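Predicted model, so just to flag it, every value in this text is computed and none were measured.
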Amino acid sequence: MNYFKLINRLIVLFIFTGCLFDGGSKRKIVGEYYLHRWEGGAPFYIVDIWGKTEGGGLIKGTVKEIGWNDDYIFVSRKSTFGGDPDGWMIIYVSEDKITGPFTAVQFERQRKLLLGNQSIKILEPDKIW
């Protein structure tokens, strides 16, 4: 009888954990950061190894444009919450730190401070998928 209880509990656990995942897919960007695509193909989110997209993932919004190198991820976001501004977010990969949102002018200043004359190609997320 205990064997059947164990099997039933494992089945329930398996079904429950399946409900926690949305069926989307992830692509590694850099470090522990991933671009997460929702099941239907859009929207895209930035997630870490835990993959939580509730509330818009790590940037609290959907990805409009993205670019990265080994040190930084630059993301233009559309805010999940109506009262929060859209704008550019900067993820500092090694520091596990996120700043922003920045306006386009503020972002360009930050980008130059961080990269100098180097450039990072910025694309819409479906173009890099």
Side-chain angles (χ1 to χ4, degrees):
M1 187 79 154
N2 287 334
Y3 176 74
F4 290 110
K5 281 185 179 181
L6 177 63
I7 295 296
N8 284 337
R9 287 183 180 160
L10 287 174
I11 289 170
V12 168
L13 180 63
F14 179 74
I15 291 169
F16 178 72
T17 55
C19 293
L20 294 177
F21 300 101
D22 58 60
S25 56
K26 296 187 293 186
R27 295 264 170 111
K28 186 168 185 163
I29 299 173
V30 64
E32 295 183 350
Y33 296 98
Y34 295 82
L35 183 62
H36 181 275
R37 180 172 62 182
W38 194 253
E39 201 170 285
F44 292 85
Y45 300 96
I46 300 295
V47 297
D48 58 12
I49 58 174
W50 304 107
K52 296 178 183 173
T53 58
E54 298 87 17
L58 296 175
I59 61 167
K60 296 181 175 58
T62 58
V63 176
K64 293 169 40 179
E65 295 179 282
I66 185 169
W68 67 89
N69 66 14
D70 290 338
D71 301 312
Y72 308 104
I73 303 170
F74 298 147
V75 183
S76 174
R77 78 161 190 188
K78 176 160 179 42
S79 175
T80 303
F81 305 105
D84 292 345
D86 299 339
W88 286 92
M89 308 293 287
I90 300 173
I91 300 173
Y92 296 75
V93 175
S94 62
E95 298 175 40
D96 197 27
K97 173 180 142 184
I98 301 172
T99 60
F102 299 104
T103 65
V105 171
Q106 292 169 328
F107 169 69
E108 188 56 29
R109 272 191 229 126
Q110 291 296 316
R111 188 198 65 74
K112 284 185 180 181
L113 284 172
L114 297 172
L115 299 178
N117 291 328
Q118 296 176 349
S119 66
I120 292 178
K121 190 173 189 175
I122 305 230
L123 298 169
E124 294 174 6
D126 59 341
K127 295 210 167 53
I128 60 169
W129 195 259

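There is no path of hydrophobic side-chain contacts, each under 4.5 Å, that joins Y92 to Y34. Residue L35 is grouped with residue V30 when hydrophobic side chains (ILVMFWY) are merged at heavy-atom distances under 4.5 angstrom, including chains of intermediate members. F74 and F102 fall within a single hydrophobic cluster, where Ile, Leu, Val, Met, Phe, Trp and Tyr side chains are chained together by heavy-atom contacts under 4.5 Å.
Nearest heavy atoms, D86 versus P101: O-CB, 3.9 Å. The two residues K64 and P125 make their nearest non-hydrogen contact at O-CD, 3.2 Å.
Proximity of W38 to T62: side-chain heavy atoms (C-beta onward) are nowhere separated by under 4.5 Å. Residues F44 and I128 fail the side-chain proximity criterion, which asks for heavy atoms closer than 4.5 Å. Side-chain contact check for I59 versus W88: every heavy-atom pair is 4.5 Å or farther apart. Side-chain atoms of V93 and D70, non-hydrogen and from C-beta on, never get closer than 4.5 Å to each other. Side-chain contact between D96 and D48 is absent, with no heavy-atom pair separated by less than 4.5 Å. Residues I46 and I66 have side chains in contact (heavy-atom distance under 4.5 Å, counting atoms from C-beta outward).
For the side-chain contact (heavy atoms from CB on, under 4.5 Å) with Y45, the qualifying choice from H36, R37, K60 is H36, the only one to do so. For the side-chain contact (heavy atoms from CB on, under 4.5 Å) with Y33, the lone residue among I49, V47, V75, L58 that qualifies is L58.
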Which donor-acceptor pairs under 3.5 Å do the side chains of residues 103-110 make with protein atoms, sequence neighbours left out?
unit_1: T103; atom_1: OG1; unit_2: Q106; atom_2: N; d: 3.2
unit_1: T103; atom_1: OG1; unit_2: Q106; atom_2: OE1; d: 3.3
unit_1: Q106; atom_1: OE1; unit_2: T103; atom_2: N; d: 2.8
unit_1: E108; atom_1: OE1; unit_2: R111; atom_2: NE; d: 3.4
unit_1: E108; atom_1: OE2; unit_2: R111; atom_2: NE; d: 3.2
unit_1: E108; atom_1: OE2; unit_2: R111; atom_2: NH2; d: 2.7

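For the atom pair CG of L114 and OG1 of T99, the computed distance is 8.0 Å after rounding to the nearest 0.5 Å.
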